[in-house]
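See structure below.
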There are 2 protein chains.
Amino acid sequence: MDQLLDILKRNQLSVTEGRKKILELFLKSPGALAHADIEKSTDASFDRVTVYRTLQTFVEKGIIHNIPTTDNSILYALCRDNCEAGHHHDNHVHFICDVCDKTICLEHVAIPEVKLPKGFKQNQTDVVISGVCSECR
Amino acid sequence: MDQLLDILKRNQLSVTEGRKKILELFLKSPGALAHADIEKSTDASFDRVTVYRTLQTFVEKGIIHNIPTTDNSILYALCRDNCEAGHHHDNHVHFICDVCDKTICLEHVAIPEVKLPKGFKQNQTDVVISGVCSECR
DNA sequence: AGCAAAAATGCAATAATGTTGCAAATTTTA
DNA sequence: TAAAATTTGCAACATTATTGCATTTTTGCT
Ligand SMILES: [Mn+2]
Ligand SMILES: [Mn+2]
Ligand SMILES: [Zn+2]
Ligand SMILES: [Zn+2]
């Protein structure tokens, strides 16, 4: 079965044009995508609202995860690990290139252990590193 | 000399009501502040635009630094390390409490070393950990 | 295939957030 | 204290996000 359909079915989502198109974008994209990127790439084939709702659904289902940024935007990237609805466990470092501005999931760079002071209960750890990516150097 | 004045003077900023008030907020606040928090706390004593510009100025001068978030907002916190204009070196971990929703600078938890794949040049590393803070447990 | 139920979409209205230019007010400097 | 420099508020505008509801699409079933 087609990979797209597979992912949607597995997550009990009805398969629609919008979802297929957006999911395809993520599968093809080497890096993370922002809402704006998706709107551009899809050439306004569907409404902004649909994009918002699709992204939200995908995050809830654990199909994509979001990456914290420092500039008032949200970036989304495909979950390669086997994330579940409501609980992500993408345990990798994210890299933002200052030159090409792409955000890349470094799937093979593990999140380091961080020891917190007494009394803190640790749930999720995000590591975002900026610099120059291997393409741009 | 008053601490507020001291900080502003040291950074060659003219001391105005707005700057004093906002800086005071940061000095008093245990956690990080978003633009919206500041607007609320200052009771609309000054214009939104002034708040935007003040935050921008403070970041540029290295008085505050911003903290990446996953929700389309920017958080700001006082720089305790001796940051300079244009170059921050707050080398600490940030913690977001899932219960009280506060974001705290863990000044004494150092950013761990992360080894990147060949070809990547590392510039800045942000670590944001979520969980339950020591107050809320 | 055809139909009813369920779910997703588009549209419009509205809200929230951020940016810019410029005149008036405030602060600094001399 | 006056002039120069800087900051502020206002207004207008731009961008981004949210919500309700009617219409369309998809799904599950016969
Ligand atoms: Mn990732
Ligand atoms: Mn901090
Ligand atoms: Zn690059
Ligand atoms: Zn807490």
Side-chain angles (χ1 to χ4, degrees), chain A residues 1-2 4-26 32-61 63-64 66-76 85 101, chain B residues 1-2 4-26 32-61 63-64 66-76 85 101:
Chain A
M1 188 194 282
D2 185 38
L4 287 177
L5 298 197
D6 187 41
I7 295 175
L8 292 176
K9 298 270 186 182
R10 190 166 59 230
N11 288 282
Q12 293 135 30
L13 291 176
S14 22
V15 11
T16 67
E17 285 312 304
R19 285 174 180 171
K20 278 195 287 183
K21 196 74 160 284
I22 293 178
L23 185 49
E24 192 181 14
L25 262 179
F26 277 107
L33 300 171
H35 180 276
D37 298 323
I38 294 168
E39 277 204 279
K40 256 177 266 157
S41 308
T42 54
D43 202 21
S45 334
F46 18 71
D47 202 81
R48 300 174 54 64
V49 181
T50 302
V51 177
Y52 282 118
R53 292 197 269 226
T54 302
L55 289 172
Q56 188 180 306
T57 303
F58 283 3
V59 170
E60 280 165 7
K61 289 294 186 177
I63 298 173
I64 59 178
N66 54 25
I67 302 169
T69 64
T70 197
D71 72 332
N72 254 40
S73 72
I74 308 185
L75 288 175
Y76 302 87
D101 216 51
Chain B
M1 188 193 284
D2 186 37
L4 287 176
L5 297 196
D6 186 42
I7 294 176
L8 292 175
K9 297 271 185 180
R10 189 166 60 229
N11 289 282
Q12 292 135 30
L13 291 175
S14 19
V15 11
T16 67
E17 284 312 304
R19 286 174 179 170
K20 278 194 287 182
K21 195 76 161 282
I22 292 178
L23 185 49
E24 192 182 14
L25 262 179
F26 276 107
L33 298 172
H35 180 276
D37 297 325
I38 294 167
E39 277 204 279
K40 256 176 267 158
S41 308
T42 52
D43 202 21
S45 335
F46 17 70
D47 201 82
R48 306 171 47 63
V49 182
T50 302
V51 177
Y52 282 116
R53 293 197 268 226
T54 303
L55 289 172
Q56 188 180 306
T57 303
F58 282 4
V59 170
E60 280 163 6
K61 289 295 186 176
I63 299 174
I64 59 179
N66 54 24
I67 303 170
T69 63
T70 196
D71 73 331
N72 255 40
S73 73
I74 307 183
L75 287 176
Y76 303 87
D101 217 52

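In what follows, chains are A, B, ... by sequence order, proteins preceding strands, each numbered from 1.
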Distance, rounded to the nearest Å, where [X] contributes [atom1] and [N] contributes [atom2]:
| X | N | atom1 | atom2 | result |
| --- | --- | --- | --- | --- |
| B:E39 | C:dA16 | CD | C1' | 11 Å |
| B:I38 | C:dT17 | CD1 | P | 13 Å |
| B:H35 | C:dT19 | NE2 | P | 9 Å |
| A:Y52 | C:dA15 | OH | P | 17 Å |
| B:D71 | C:dA16 | CG | C1' | 14 Å |
| A:R48 | C:dT14 | CZ | P | 18 Å |
| A:L8 | C:dA7 | CG | C1' | 14 Å |
| A:E60 | C:dA8 | CD | P | 11 Å |

Reading DNA chain D 5' to 3', which nucleotide is the first, and which the last, to come under 4.0 Å of any heavy atom in chain B?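 Taking any atom under 4.0 Å from a heavy atom of chain B, the span is D:dT6 to D:dA17.
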
Quick one: [atom1] on [X] to [atom2] on [Y], what's the gap to the nearest 0.5 Å?
| X | Y | atom1 | atom2 | value |
| --- | --- | --- | --- | --- |
| B:T69 | A:D71 | OG1 | CG | 9.0 Å |
| B:I64 | B:L55 | CD1 | CG | 5.0 Å |
| B:L25 | B:K40 | CG | NZ | 12.0 Å |
| B:K9 | B:D2 | NZ | CG | 11.0 Å |

So, for [X] and [Y], which heavy atoms are closest and what is the spacing to 0.1 Å?
| X | Y | result |
| --- | --- | --- |
| B:I38 | B:T42 | O-OG1, 2.7 Å |
| B:F26 | B:Y76 | CE2-O, 3.3 Å |
| B:L4 | B:L23 | CD2-CG, 3.7 Å |
| B:T70 | A:I74 | O-CD1, 3.4 Å |
| A:D37 | A:A32 | OD2-O, 4.4 Å |

Within residues 13-23 of chain A, find the residues that approach DNA chain C with a heavy atom at under 4.0 Å, and present them sorted by residue number.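 Only A:S14, A:T16, A:R19 qualify.
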
On the 0 to 90° scale, with breaks at 30° and 60°, tag the B:H35-B:Y52 ring pair as parallel, tilted or perpendicular.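 B:H35 vs B:Y52 ring planes: parallel.
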
With respect to B:R19, which candidate in B:I7, B:N11, B:T54, B:T50 satisfies the side-chain contact (heavy atoms from CB on, under 4.5 Å) definition?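 It is B:T54, the one option of B:I7, B:N11, B:T54, B:T50 that forms the side-chain contact (heavy atoms from CB on, under 4.5 Å) with B:R19.
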
Check if the side chain of B:R53 and the base of C:dG18 share a donor-acceptor pair of N or O atoms closer than 3.5 Å.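 Answer is no: no donor-acceptor pair is held.
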
I want to check one thing: is the phosphate of C:dG18, taken as OP1 and OP2, less than 4.0 Å away from some side-chain N or O of A:N72?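 Looking at the OP1 and OP2 atoms of C:dG18, one of them is under 4.0 Å from a side-chain N or O of A:N72.
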
Using the C1' atoms of five pairs at each end, what's the angle between the two axes of the helix from C:dA1-D:dT30 to C:dA30-D:dT1, to 10 degrees?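 Comparing the first five pairs with the last five, the axes sit 40° apart.
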
